[in-house]
Each structure stands twice: as C-alpha cells, then as structure tokens.
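The structure appears below as structure tokens.
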Amino acid sequence: MIPIAYSAEVNAARAAGDAIVALESTIITHGMPYPQNLEVARQVEGDIRAAGAVPATIAVMNGTLHIGLNDDQLTKLAQSKGVAKLSRADMAACIATGGTGATTVAATMIAAHLAGIHVFATGGIGGVHKGAEDSFDISADLMELAQTPVTVVAAGAKAILDVAKTLEVLETQGVPVIAYGQDAFPAFWSAGSKLKAPLRMDDPAQIAAAHKMRSALGLPGGQLIANPIPKDAEIPATELAPIIATAQADADRAGITGKGVTPYLLQRIFELTDGRSLEANIALVRNNARLASKIALEMRTKQ
Ligand code: PSU
Ligand code: MN
C-alpha cells in the first residue's frame with residue numbers, strides 16, 4: 001500500500017473529472033530561495049486556478065506521498081532546510097522510511113501518473129550536463145520522459161546544461177520535443193536559440209491529441225513541451241554566457257558532484273545576476289503553468 005494523500009481540491013477534481021496540473025517541489029526547496037519560493041509556489045497555483053484547472057503540488061512529507069499541498073504544508077516545505085531531493089532512484093526509500101523529500105521532474109512524473117494526472121508544469125528539466133563525457137552526469141528526468149506518460153511543460157533547458165546533447169539523448173530515448181508557437185528550442189532565460197526544436201505546435205489541443213495518440217499507439221513515455229519565456233522577461237543569452245561559465249568553474253573548483261550540481265549552479269547564477277535570473281525564472285514558470293492548464297483542459301474535454 002502506498003501512503004498517499006490528496007489535497008481536498010485535488011480529491012474533488014478527481015471525483016469530478018476536472019483538469020489537474022501537477023507541480024514539482026524541488027523547484028521550491030532547491031531551485032529558489034525563501035521567501036520567493038513560497039510566493040512563487042502560491043502564484044503558480046493561483047495561475048492554474050485562474051485558468052480553470054486545479055494545481056497539485058507533489059512532495060513526500062513524513063513518509064506520505066502528497067498530491068496537492070495545503071498552504072500550511074506548502075509553507076513548511078518552503079521553509080525547510082536540508083530536505084532530500086528525490087528522483088526515481090530514491091523516492092521509494094524515502095516513503096518507506098518515513099522521510100521528507102522534494103520531488104524532481106522525474107519523481108513528480110511518477111507521482112502524477114500514479115494519481116492519473118497527465119500534465120505537469122515546471123521551469124526547466126534536468127538534462128545532460130556540460131562535461132558529461134567525463135562526469136556521466138545525465139539527469140534521470142530524460143529517461144523518465146521516455147517511460148512515464150505525462151506531458152511536461154518547461155521553458156526548454158538551461159544553458160548550464162549541454163543543450164545539444166540533451167536534445168540528442170531525448171531523441172535517442174524517443175521523447176517528442178515540441179516547441180510551442182515557434183521553431184527554435186527555447187533556452188530557458190531566453191526565448192530563442194540556435195537550435196531548432198524537432199517538433200512545433202501552436203495549439204494546446206494538438207498537444208493533448210498527440211499525448212493521447214502516443215498512448216493509443218502503445219508507446220510509453222510522455223512529451224516535453226518547450227514553451228518560450230515571455231519576451232518582456234527574457235535575459236539575452238550573450239549576457240548570461242560568461243556568468244554561467246563562472247558558476248560552472250566555481251562548481252568544479254568546489255568539487256560539487258551528483259545531485260548537488262543543479263542547485264549549486266542555480267544559486268550561484270542567482271547571486272551573479274543580483275537576483276535577475278530569479279525574476280525571469282518566476283515569469284517563465286507562471287507562463288508554463290498557464291499553458292499546462294490549457295493542455296489539461298483539452299485532455300479532459302476530448303477524453
Ligand atoms: N532545472 C531548473 N530548475 C530546477 C531544476 C532543474 O531550471 O529547479 C530541478 C528540477 O527538479 C529537475 C532537477 O528535475 O533539478 C534535475 O536535477 P538533476 O540534474 O540532479 O537530475
Ligand atoms: Mn545529475
């Protein structure tokens with residue numbers, strides 16, 4: 001038996017067959033500093049409600065897998081220090097031993113699928129890190145997209161990653177990568193990039209239809225929807241490149257490895273941009289929540 005707890009609004013939405021959008025919690029505990037993390041978590045949930053869907057923030061707390069958090073639980077999570085970062089490898093151990101942990105994209109997809117939720121909004125996915133040919137640091141998020149049927153809306157992949165290699169792995173794994181409303185694969189803090197996305201769609205209904213067609217064809221796995229950051233919030237890639245290089249060099253010098261790499265780089269870039277990276281991050285997560293809500297509504301109406 002899985003110790004699983006649904007929030008009141010998610011429970012009601014499940015019973016009524018309403019549209020639900022899953023949200024991850026690592027972005028809260030490891031991706032943004034307090035108190036902005038809590039403000040953003042609340043804003044994103046509000047954006048989803050305003051769009052006519054129901055938010056389900058996912059986390060493990062004291063051995064229970066929560067699908068949807070109430071405001072007390074969200075606040076507690078946003079304030080906690082040293083919370084575990086859970087991916088496919090460690091989620092079961094955390095639940096079985098009564099632990100507390102935030103879910104990454106991979107773990108959130110697993111939980112969303114268990115709960116019958118098909119759509120999930122986040123900021124950026126994990127990917128192939130620069131220097132992966134030596135470190136082998138490739139996020140489990142990519143393999144999860146290949147096996148768990150959840151459509152994930154993100155703003156592309158961060159330039160802290162090797163984005164070209166990330167796209168190669170996604171192709172190898174058979175994951176549809178769909179840019180929304182443009183040809184280029186968006187570069188997280190910037191809307192455009194030199195890389196073309198393998199697929200493009202301009203309509204949330206097409207994205208929902210493609211998700212269902214995968215399952216009809218018997219294909220496992222989900223889809224990655226790459227939604228460009230709104231133009232008024234973007235930071236030019238040329239401005240960020242030297243900052244990312246500095247952050248990467250600092251991480252190497254400090255000997256950061258494994259799960260520590262992504263949170264370290266995000267925090268260092270936040271410091272080096274005087275918080276501007278966070279402003280952009282907030283704008284793009286909210287934008288992704290709005291698109292995910294539209295997709296979730298389409299999935300429901302045509303079921
Ligand atoms: N990328 C971001 N912000 C984040 C993360 C990635 O721009 O907060 C988090 C997500 O939870 C993602 C995880 O699933 O980091 C990937 O970590 P790793 O590279 O260790 O797999
Ligand atoms: Mn990693």
Side-chain angles (χ1 to χ4, degrees), residues 22-34 36-37 40-41 44 57-60 77-78 83-91 101-112 120-146 148 150 152-163 165-166 169-170 173 175 186-190 222 224 226-227 229 233 235 240 243-244 247-248 251-252 256-270 273 277-289:
L23 296 165
E24 61 154 309
S25 44
T26 297
I27 190 172
I28 302 172
T29 55
H30 294 70
M32 294 183 184
Y34 181 81
Q36 290 98 327
N37 59 351
V40 177
V44 170
T57 301
I58 290 171
V60 177
L77 194 72
V83 177
K85 174 180 158 186
L86 305 176
S87 189
R88 166 170 279 264
D90 28 33
M91 190 178 187
T103 51
T104 59
V105 168
T108 305
M109 288 179 73
I110 294 168
F120 160 25
T122 186
I125 57 158
V128 181
H129 278 266
K130 291 184 201 289
E133 56 276 27
D134 294 319
S135 68
F136 275 51
D137 190 348
I138 301 175
S139 176
D141 292 352
L142 303 183
M143 276 54 83
E144 203 60 52
L145 279 160
T148 302
V150 174
V152 179
V153 182
K158 284 209 167 116
I160 58 174
L161 300 171
D162 187 323
V163 180
K165 286 196 179 76
T166 299
V169 170
L170 287 166
Q173 295 285 331
V175 177
F188 198 80
W189 290 294
S190 335
L224 176 61
N227 187 29
I229 184 171
I235 308 178
L240 278 172
I243 289 171
I244 291 166
Q248 183 71 59
D252 292 344
I256 311 291
T257 56
K259 280 174 183 293
V261 173
T262 301
Y264 180 92
L265 292 174
L266 296 181
Q267 172 61 25
R268 203 65 196 102
I269 292 165
F270 170 72
T273 59
S277 64
L278 182 62
E279 290 307 312
N281 206 337
I282 293 169
L284 66 84
V285 177
R286 297 186 67 181
N287 190 46
N288 294 343

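All ligand and atom numbering here is 1-based and tracks the order in the structure. Values reported hereafter were calculated over all heavy atoms of this structure, with side chains retained and with hydrogens, waters and symmetry mates removed. All residue numbers refer to positions in the sequence shown, counting from 1.
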Inset, instruction - Run the contact test for Lys85 against ligand 1 with a 4.0 Å cut-off on heavy atoms, strictly below, and give the result. - result: yes
Legend entry - Separation of Leu265 CG from Ile256 CD1 (nearest 0.5 Å): 8.5 Å
Legend entry - Phe120 versus Val105, closest heavy-atom pair with distance: CE2-O, 3.6 Å
Inset, instruction - Tell me which one of Asn37, Ile27, Leu266, Ile269 gets a heavy atom nearest to atom 3 (N) of ligand 1. - result: Leu266
Legend entry - Nearest non-hydrogen protein atom, atom 9 (C) of ligand 1: Thr26 CG2, 4.1 Å
Inset, instruction - Measure the distances from the heavy atoms of His129 to every atom of ligand 1 and state whether one is below 4.0 angstrom. - result: yes
Inset, instruction - Using modelled atom types only, decide if a donor and an acceptor are shared between the side chain of Ser25 and the backbone of Ala102 within a distance under 3.5 Å. - result: no
Inset, instruction - Find all atoms of ligand 1 within a distance of less than 4.0 Å from any non-hydrogen atom belonging to Lys158, and give their numbers and elements. - result: 2 (C), 3 (N), 7 (O)
Inset, instruction - Report yes or no: does Thr166 contribute a side-chain atom to a donor-acceptor pair with the main-chain N or O of Val128 at less than 3.5 Å? - result: yes
Inset, instruction - May I ask which of Asp141, Thr262, Ile28 has a heavy atom nearer to atom 19 (O) of ligand 1 than the others do? - result: Thr262
Legend entry - Backbone N/O of Val83 and side chain of His30: donor-acceptor pair under 3.5 Å: yes
Legend entry - Identity of the N, O or S atom of Asp137 lying closest to the Mn ion (ligand 2): OD1
Legend entry - Proximity to ligand 1 by part of Thr104, non-hydrogen separation under 4.0 Å: both
Legend entry - Side chain, backbone, both or neither: Glu24 near ligand 1, heavy atoms under 4.0 Å: side chain
Legend entry - Nitrogen or oxygen atoms of Lys259 and ligand 1 under 3.5 Å apart: no
Inset, instruction - Can you sort out which atoms of ligand 1 are near Phe188, meaning under 4.0 Å from one of its heavy atoms? - result: 7 (O)
Inset, instruction - Would you name the heavy atoms of Thr262 and His129 that are closest together and state the gap between them? - result: OG1-NE2, 3.4 Å
Inset, instruction - Can you see which heavy atom on Ile58 is nearest to which on Ala22, and at what distance? - result: CD1-CB, 4.0 Å
Inset, instruction - Consider every N or O of Val105 and every N or O of ligand 1, then say whether any pair is closer than 3.5 Å. - result: yes
Inset, instruction - Please check if the side chain of Asn288 supplies one atom and the backbone of Thr122 the other of a donor-acceptor pair under 3.5 Å. - result: yes
Legend entry - Taking atom 6 (C) of ligand 1 as the reference point, the nearest protein heavy atom with its distance: Gly124 O, 3.5 Å
Legend entry - Gap separating the CG atom of Leu170 from the NZ atom of Lys165, nearest 0.5 angstrom: 14.0 Å
Inset, instruction - Around atom 21 (O) of ligand 1, find the nearest protein heavy atom and jot down its residue, atom name and distance. - result: Ser139 OG, 2.7 Å
